[in-house]
K.L.:
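Okay, here's the structure, questions in a sec.
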Protein chains: 2
Amino acid sequence: MSNMALRMTEIVSRATIRDVARAAGVSVGSVSRALNGGKNVSARVARDVAAAAEKLGYQPDFQARSLRTRTTGMVGCLVSDVANPLYASIVQAAEARLRDAGLLMVVANTANDPARERAMVAAFRSRRLDGILVAPGSDENDRAWRELATGGAPVVILDRDVPQEESTPWPAVLVDHREGARTATRYLIGLGHRRIALLTPGARMRPGRERIAGFKAAFAEADIDPSGALVCLQESSMDFAQGDALDLLRREQRPTAIIALGTRILAGALRAGRDLGLSVPGDLSVIAVGDTDLAAVHTPAITALRWSLEDVGRAAAELLLQRLKGASGEGQSRALLPVDLVLRESCGPPKTT
Amino acid sequence: MSNMALRMTEIVSRATIRDVARAAGVSVGSVSRALNGGKNVSARVARDVAAAAEKLGYQPDFQARSLRTRTTGMVGCLVSDVANPLYASIVQAAEARLRDAGLLMVVANTANDPARERAMVAAFRSRRLDGILVAPGSDENDRAWRELATGGAPVVILDRDVPQEESTPWPAVLVDHREGARTATRYLIGLGHRRIALLTPGARMRPGRERIAGFKAAFAEADIDPSGALVCLQESSMDFAQGDALDLLRREQRPTAIIALGTRILAGALRAGRDLGLSVPGDLSVIAVGDTDLAAVHTPAITALRWSLEDVGRAAAELLLQRLKGASGEGQSRALLPVDLVLRESCGPPKTT
DNA sequence: GGTTAAATTGGAAACGTTTCCATGTGAGGA
DNA sequence: TCCTCACATGGAAACGTTTCCAATTTAACC
């Protein structure tokens with residue numbers, strides 16, 4: 001019997017605002033007002049409606065509401081790969097903030113594929129998402145940018161450069177990779193290193209470009225022959241196999257220090273060094289770009305450039321919420337987050353050869 | 001004047017199906033049929049509609065469609081923390097599969113908070129999401145389960161035990177942690193270890209329970225005094241500081257081998273061992289549960305229990321898609337994925353004392 | 001008490017689709 | 001040529017809200 005009842009509730013559709021109106025003996029308009037604004041409703045109606053809604057277990061249908069109000073209470077988040085630790089924490093933090101504001105977050109991985117990026121932007125628009133957090137896979141994907149712009153929904157950029165043409169710059173959360181790279185390089189130069197390799201993916205995107213700029217700036221300001229400044233670009237972190245690092249370290253004039261991004265590239269460099277019998281930091285100094293578990297726990301612990309991924313996510317969510325509240329003009333429209341150098345055990349003076 | 005107004009509305013709002021109908025000189029019903037089914041439409045209408053839609057850049061409004069069709073093309077994913085590497089790849093893989101099927105995925109972090117879990121389930125239901133992938137934070141959160149059940153949308157469980165009462169078991173993707181733990185323990189016992197510590201969070205959830213069961217089973221089948229089988233439960237991986245591992249390894253009869261979950265607990269154990277001057281694997285054998293970057297790249301490389309997170313995500317998505325297609329009865333309703341022991345350098349025989 | 005303003009209320013339109021239903025059109029067979 | 005029938009089409013209802021507008025009640029003030 002209870003089985004039957006259960007079955008019924010499963011099958012029977014949920015209570016609508018009409019049911020509540022009927023149960024409370026008022027019109028649907030009054031129910032809507034009572035439940036939402038609370039403005040212009042008498043105490044009696046408010047009470048009766050609340051009681052009826054409670055009794056019927058009424059839950060408003062967001063789909064229907066969305067159709068009318070043109071707002072979905074959902075925000076899209078577009079990154080190349082949510083499983084990448086460098087993105088995962090950003091997504092996590094942004095979701096937390098947005099959820100606190102009553103918004104849901106839909107995520108999509110683009111794998112840096114421009115076509116997929118455009119497809120997802122279109123999907124977001126079709127679904128009328130209220131806003132978008134996005135880290136485009138390339139700063140030159142003009143079509144994607146254009147479609148992003150015509151969407152109507154506010155967009156917040158995650159650590160990417162926006163095309164210059166735009167008159168009013170889009171809100172963005174940027175990380176000061178340039179200063180970070182400069183600090184790290186300066187530190188290594190100060191230790192006596194002259195041949196330093198910077199291992200980072202793509203100059204196609206802001207983080208890579210900025211790091212390279214900071215790297216070169218450090219050489220320039222130290223007034224040192226920059227021929228030892230080796231910039232090794234990787235198409236993506238995936239492509240950097242151990243072999244590449246091996247080639248690098250086998251060179252006649254091998255670098256005495258390496259600055260390596262993320263987890264995969266860093267891992268490749270560390271393994272290559274180990275395979276060649278190079279001790280860290282004795283034979284090779286290493287700085288990680290991004291303070292991952294790997295860097296912190298490795299033996300020896302790896303000196304790392306650290307910035308707060310949580311802050312990136314939070315700031316992005318905040319910027320977006322600000323736009324959604326309609327304050328399109330006022331307030332900060334871009335945040336620049338600092339990068340710190342966390343000193344550990346993986347750096348020392350180069351061996352005098 | 002009206003021209004002006006028209007222009008305005010054209011710019012502000014997107015083309016609707018009405019606009020397409022007018023442009024093609026047919027009724028809205030015909031446009032809908034032409035664009036969707038393709039059934040019962042003449043060649044002429046199909047052509048004209050397609051042309052008009054193309055010209056106007058028409059994109060259907062999913063919100064409106066959802067209202068009518070009772071389906072949103074979105075599925076929810078509920079885990080404790082998308083930034084946890086053990087979840088991130090699952091989410092990533094599931095999203096990839098679902099996107100290929102034209103579905104969007106909304107994610108939410110519950111931080112293992114039952115209240116938040118329920119709130120998100122309610123939010124998903126209000127939004128009428130088509131389905132839910134969920135890894136509940138506790139197998140005893142009965143209210144959450146109940147609300148999950150009454151949602152109407154198909155649910156796929158990620159590596160959790162479903163309450164027994166249910167007559168028809170829910171679809172689930174399970175990982176064979178029991179067999180994995182047994183294999184690892186057996187391996188260590190075979191090497192001669194008798195005092196082995198299993199460091200895993202919560203027996204509140206299936207993975208922990210299964211691992212403990214497998215761990216004990218290995219001792220039992222080897223007919224060995226199980227007093228050396230140390231199960232160290234952690235409320236969550238967060239709580240396991242390095243200090244706990246230090247206490248463990250300072251004991252008079254310290255374990256000669258450790259099986260440690262994930263990244264944080266493993267890191268804590270490794271650091272503690274290092275701080276105490278214990279060499280791996282000489283003084284201490286270590287097995288990681290979950291093949292993270294840390295395990296693979298650490299020196300020495302850590303022997304690890306590995307299962308495919310991608311397979312978990314893919315299988316979950318597949319199971320859900322199967323339900324969404326209406327095949328509620330047929331087909332596999334649960335998958336059990338294998339766990340492999342990846343032999344590396346972190347295990348050896350214990351020192352004879 | 002009467003007049004006016006303000007507050008509350010019910011009814012209906014609107015949001016953009018899909019789908020039902022009745023009508024119209026054509027072809028094919030008698 | 002007429003009848004039948006399948007098929008194509010237009011019009012309208014429906015999905016569940018919010019919001020506008022007009023109507024009604026209440027409050028306020030003289």
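Lettering follows sequence order; numbering is per chain, from 1.
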K.L.:
Can you figure out which of C:dG16, C:dT19, D:dT17 approaches the side chain of B:Ser32 most closely?
P.N.:
C:dT19

K.L.:
Give B:Arg18 one of three labels, base, sugar-phosphate or nothing, depending on what nucleic acid heavy atoms sit under 4.0 Å from its own.
P.N.:
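The answer is base, as B:Arg18 lies within the cut-off (heavy atoms under 4.0 Å) of a base atom.
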
K.L.:
Please list, chain by chain and in numerical order, all residues satisfying side-chain contact (heavy atoms from CB on, under 4.5 Å) with B:Asp159, sequence neighbours excluded.
P.N.:
B:Leu174, B:Val175, B:His177, B:Arg206, B:Pro207

K.L.:
Measure the CG-CE distance between A:Leu104 and A:Met74 for me, rounded to the nearest 0.5 Å.
P.N.:
7.0 Å

K.L.:
Mind checking salt bridge (charged side-chain N to carboxylate O under 4.0 Å, His left out) for A:Arg65 and listing every partner two or more places apart, or none if nothing turns up?
P.N.:
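Counting only residues at least two positions away or on another chain, A:Arg65 forms no salt bridge (charged side-chain N to carboxylate O under 4.0 Å, His left out).
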
K.L.:
For B:Phe62 and C:dT18, what is the distance between atoms CZ and C1' respectively, to the nearest whole Å?
P.N.:
14 Å

K.L.:
Output the rounded distance in Å from CG (B:Leu67) to P (C:dT19).
P.N.:
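It is 12 Å, rounded to the nearest whole Å.
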
K.L.:
If you restrict it to nitrogen or oxygen atoms, what contacts under 3.5 Å exist between nucleotides 23-27 of chain C and the protein, and what is each distance?
P.N.:
none

K.L.:
Take the protein atom CZ of B:Arg127 and the nucleotide atom P of D:dT17, then report the distance between them rounded to whole Å.
P.N.:
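One finds 14 Å between P of D:dT17 and CZ of B:Arg127, rounded.
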
K.L.:
Rounded to the nearest angstrom, tell me the gap between atom CD in A:Gln63 and atom P in D:dT18.
P.N.:
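Going from CD in A:Gln63 over to P in D:dT18 covers 13 Å.
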
K.L.:
Donor-acceptor pairs are to be reported for all side-chain atoms of residues 27-38 of chain A against protein atoms at under 3.5 Å, with residues two or more places apart or in another chain.
P.N.:
unit_1  : atom_1 : unit_2  : atom_2 : d
A:Ser27 : OG     : A:Ser30 : N      : 3.3
A:Ser27 : OG     : A:Ser30 : OG     : 3.3
A:Ser30 : OG     : A:Arg33 : NH2    : 3.4
A:Ser32 : OG     : A:Asn36 : ND2    : 3.4
A:Asn36 : ND2    : A:Ser32 : O      : 3.2

K.L.:
In this structure, how many angstroms lie between the P atom of C:dG16 and the CZ atom of B:Arg14, rounded?
P.N.:
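Distance check: B:Arg14 CZ to C:dG16 P gives 9 Å.
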
K.L.:
Suppose we screen for salt bridge (charged side-chain N to carboxylate O under 4.0 Å, His left out). Which residues come up paired with A:Arg116, at least two apart in sequence or across chains?
P.N.:
none

K.L.:
Who pairs with A:Gln59 by side-chain contact (heavy atoms from CB on, under 4.5 Å), at least two apart in sequence or on another chain?
P.N.:
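Partners of A:Gln59 under the side-chain contact (heavy atoms from CB on, under 4.5 Å) test: B:Ala122, B:Arg125, B:Ser126.
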
K.L.:
Only counting residues at least two apart or in another chain, list the ones meeting side chain to side chain donor-acceptor pair (under 3.5 Å) with B:Arg127.
P.N.:
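None.
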
K.L.:
May I ask you to decide whether A:Glu310 forms a salt bridge with A:Arg314, counting only side-chain N to carboxylate O separations under 4.0 Å?
P.N.:
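No.
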
K.L.:
Identify, with sequence neighbours excluded, every residue that meets side chain to side chain donor-acceptor pair (under 3.5 Å) alongside A:Thr71.
P.N.:
A:Asp130

K.L.:
Between the protein and nucleotides 9-13 of chain D, list the N/O to N/O atom pairs that are separated by less than 3.5 angstrom.
P.N.:
unit_1 : atom_1 : unit_2  : atom_2 : d
D:dT9  : OP1    : B:Ser42 : OG     : 2.6
D:dT9  : OP2    : B:Ser42 : N      : 2.9
D:dT9  : OP2    : B:Ser42 : OG     : 3.3
D:dG10 : OP2    : B:Ser27 : N      : 3.0
D:dG10 : OP2    : B:Ser27 : OG     : 3.2
D:dG10 : OP2    : B:Ser30 : OG     : 2.9
D:dG10 : N7     : B:Arg33 : NH2    : 3.3
D:dG10 : O6     : B:Arg33 : NH1    : 3.4

K.L.:
Using a 4.0 Å heavy-atom cut-off, does A:Thr69 contact any base of the nucleic acid, only the sugar-phosphate backbone, or nothing at all?
P.N.:
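Result for A:Thr69 = sugar-phosphate.
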
K.L.:
What integer distance in Å separates A:Asp48:CG from C:dT8:C1'?
P.N.:
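To the nearest whole Å, that distance equals 14 Å.
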
K.L.:
Taking atom C1' of C:dT17 as reference, at what distance in whole Å does atom CG of B:Asn36 sit?
P.N.:
9 Å

K.L.:
Quickly work out the B:Leu35 CG to C:dT19 P distance and round it to whole Å.
P.N.:
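Answer to the nearest Å: 13 Å.
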
K.L.:
Taking five pairs at each end, how big is the angle between the two axes of the helix from C:dG1-D:dC30 to C:dA30-D:dT1, to 10°?
P.N.:
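Between the first-five-pair axis and the last-five-pair axis there is 40°.
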
K.L.:
Tell me every residue that passes side chain to side chain donor-acceptor pair (under 3.5 Å) with B:Glu318, counting only those two or more places apart in sequence or in another chain.
P.N.:
B:Arg97

K.L.:
Tell me, please, which residues at least two apart from A:Arg47 pass side chain to side chain donor-acceptor pair (under 3.5 Å).
P.N.:
none

